[in-house]
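One structure below.
The chain is numbered in sequence order, starting from 1.
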Amino acid sequence: MELRHLRYFAAVVQWKGYREASRHLYIAQPSISQAVSDLESELGIKLFSREGRAARLTPEGEAFYEEAIKTLAQAARSIATAQRAAKGEIGRLGIGFMGFSSSPFLPGLLRKYKARYPGVALRLLEDVPYGQDAAFDRGEIDIGFTRPPSADRSPLYQSCLLFREPLVVALPKSRKVTTKRVRIADLAGERFVVFQRTSSPEVFDTIVRVCNDNGFSPRLRHELNNMNSVLATVEAGEGVAIVTATASNLRADNISFFRLRPDKVRIDFVAAWQKKEPSVALKSFLELLNEELPTIRQVMKFT
């Protein structure tokens, strides 16, 4: 049984005969007659009782007609849904993000995407780079705003550089620092609060390397998995923290952030997605991201 058979059958009922059905469908009458005959043979029932030129439904034909109309309506909805999905008008899109690094630009980007594609359901997941890797593996996110993939995972991803940010040192405001920049070497005697390595290996390793390059190994007092916790611990006087500049987007009323001397290191922030055929929803999101990239880089410009 094909949808064509149901359409021809319904047309005969709607137009009260084969001749009128043929005229409205622009299909030869013998083709419609043959399709209905084939349908009756497959069902093993008579759909019409023919009286002269009229085609009247049998009782079983009436029952079948009610279901056929439902089937045709559902098929039409399915076709329309598939066509909307092909245009990117509906679907699902999972987005991972690091909140403090993406908060200056991500809300506006999402608003523009929803304005263009209101039928796409967004799933948002805030997590550290390691957590986003796991979310990719579970199929929960399609794109992540994160640090560059590690060397072992890099072959699995495509990425787009969004911006590069410097390192800063977070100090309690109770420290009366009068300079605009803090020498890294002057931190040699401090206890350090750090974002733990498993969460963001690149940032952790870079901070340790910067300290080593300036003549000391940092004394790691606390290793935490949340930037809010890192700053709260600094605020409590439990140490200092070298963090990426976007950490200053978090509310920390009793902390001051200072650029470092020397100030040669930059940490990349990227959009990353897996190397496989992207969904239509992801394609449309990447198109918007490419359009907005100059604005994002201007917003996230560090001087």
| said: So that I can tick it off, tell me whether E287 and R116 are bridged by a salt bridge, with the cut-off set at under 4.0 angstrom between side-chain N and carboxylate O. | reply: no
| Has the side chain of S37 got a donor or acceptor atom that lies under 3.5 Å from a matching backbone atom of S33? | no
| field | Pair D253 + R251, salt bridge at N-O below 4.0 Å | value | yes
| If only atom types and distance count, is the side chain of K114 paired as donor or acceptor with the main-chain N or O of V120 below 3.5 Å? | yes
| said: Are there over 12 heavy-atom neighbours, none belonging to K112, within less than 6.0 Å of that residue's NZ? | reply: no
| F100 and S248, any side-chain heavy atoms less than 4.5 Å apart | no
| query | Would a 4.5 Å heavy-atom cut-off, applied to side chains only, mark K301 and F163 as touching? | reply | no
| message | Less than 4.0 angstrom from a charged side-chain N to a carboxylate O is my criterion; do R147 and D268 meet it? | response | no
| Does some side-chain heavy atom of E62 sit less than 4.5 Å from a side-chain heavy atom of T58? | no
| request: For atom NZ of K275, decide whether the heavy atoms of other residues, nucleotides or ligands shown that lie under 6.0 angstrom number more than 12. | output: yes
| query | Does any N or O in the side chain of S154 come within less than 3.5 Å of the main-chain N or O of S150, such that one atom is a donor and the other an acceptor? | reply | no
| Under a 4.0 Å N-O cut-off, is there an ion pair linking E238 with R219? | no
| message | Between D133 and R138, is the salt bridge (Lys or Arg N to Asp or Glu O under 4.0 Å) condition met? List the steps. | response | CA-CA 9 Å; D133 285 342; R138 294 191 300 267; over 6 Å; no
| Are E202 and R209 close enough for a salt bridge, meaning some N to O gap below 4.0 Å? | no
| When you look at OH of Y130, are more than 12 heavy atoms from neighbouring residues, nucleotides or ligands closer to it than 6.0 Å? | no
| Donor-acceptor pair, side chain of S279 and main chain of L282, under 3.5 angstrom | yes
| said: Closer than 3.5 angstrom, by distance alone: can the side chain of R297 be matched with the main-chain N or O of L161 as a donor-acceptor pair? | reply: yes
| Between CG on residue L289 and OG on residue S284, distance to nearest 0.5 Å | 11.5 Å
| So, does D263 use its side chain to make a donor-acceptor pair with the main chain of R259 at under 3.5 Å? | no
| said: Is there a side-chain contact (heavy atoms from CB on, under 4.5 Å) between I95 and L110? Walk through the geometry before answering. | reply: CA-CA 10 Å; I95 301 173; L110 295 181; 3.6 Å; yes
| query | Which value, rounded to the nearest 0.5 Å, describes the distance between L293 atom CG and Q298 atom CD? | reply | 12.0 Å
| Are Y113 and L162 connected in the hydrophobic side-chain network, where two residues link if heavy atoms are under 4.5 Å apart? | yes
| Taking the inter-plane angle between the rings of F145 and F285 on a 0 to 90° scale, is it parallel (under 30°), tilted (30 to 60°) or perpendicular (over 60°)? | perpendicular
| said: In the structure I gave you, are the side-chain heavy atoms of Q274 and L156 within less than 4.5 Å of one another anywhere? | reply: no
| Taking the six-membered ring for Trp, are F9 and F48 ring centroids under 6.0 Å apart? | yes
| remark: All heavy atoms of S22 vs all of Q29, minimum pair found to be OG-N, 3.3 Å
| message | Can you confirm whether or not the ring centre of Y157 sits under 6.0 Å from the ring centre of F136? | response | yes
| message | Rounded to the nearest 0.5 Å, what separates atom NZ in K283 from atom CG in L93? | response | 13.5 Å
| query | How about R123: does its CZ atom have over 12 heavy atoms from other parts shown lying under 6.0 Å from it? | reply | no
| field | I267 vs T206 side-chain heavy atoms within contact, under 4.5 Å | value | yes
| request: Taking all non-hydrogen atoms of both residues into account, name the closest pair between S101 and F269 and its distance. | output: CB-CE1, 3.4 Å
| note | Heavy atoms of N226 and N228 approach each other most closely as OD1-N, 2.7 Å
| said: Please give me the minimum heavy-atom distance between F195 and F204, naming the atom from each residue. | reply: O-CD1, 3.5 Å
| task | Could you tell me whether the side chain of E40 and the main chain of K46 form a donor-acceptor pair under 3.5 Å? | result | no
| message | I'd like to know if the side chain of H24 and the backbone of A21 have a donor-acceptor N/O pair within less than 3.5 Å. | response | no
| query | Is a side-chain donor or acceptor of Q132 paired with a backbone partner of G144 at a separation under 3.5 angstrom? | reply | no
| task | Please examine the side chains of R175 and V240, heavy atoms only from C-beta on, and report whether any two atoms are closer than 4.5 Å. | result | yes
| note | Between C211 and I242, the two heavy atoms sitting closest are SG-CD1, 4.1 Å
| query | Would you say the side-chain atoms of D142 pair up with the backbone N or O of G94, donor to acceptor, closer than 3.5 Å? | reply | yes
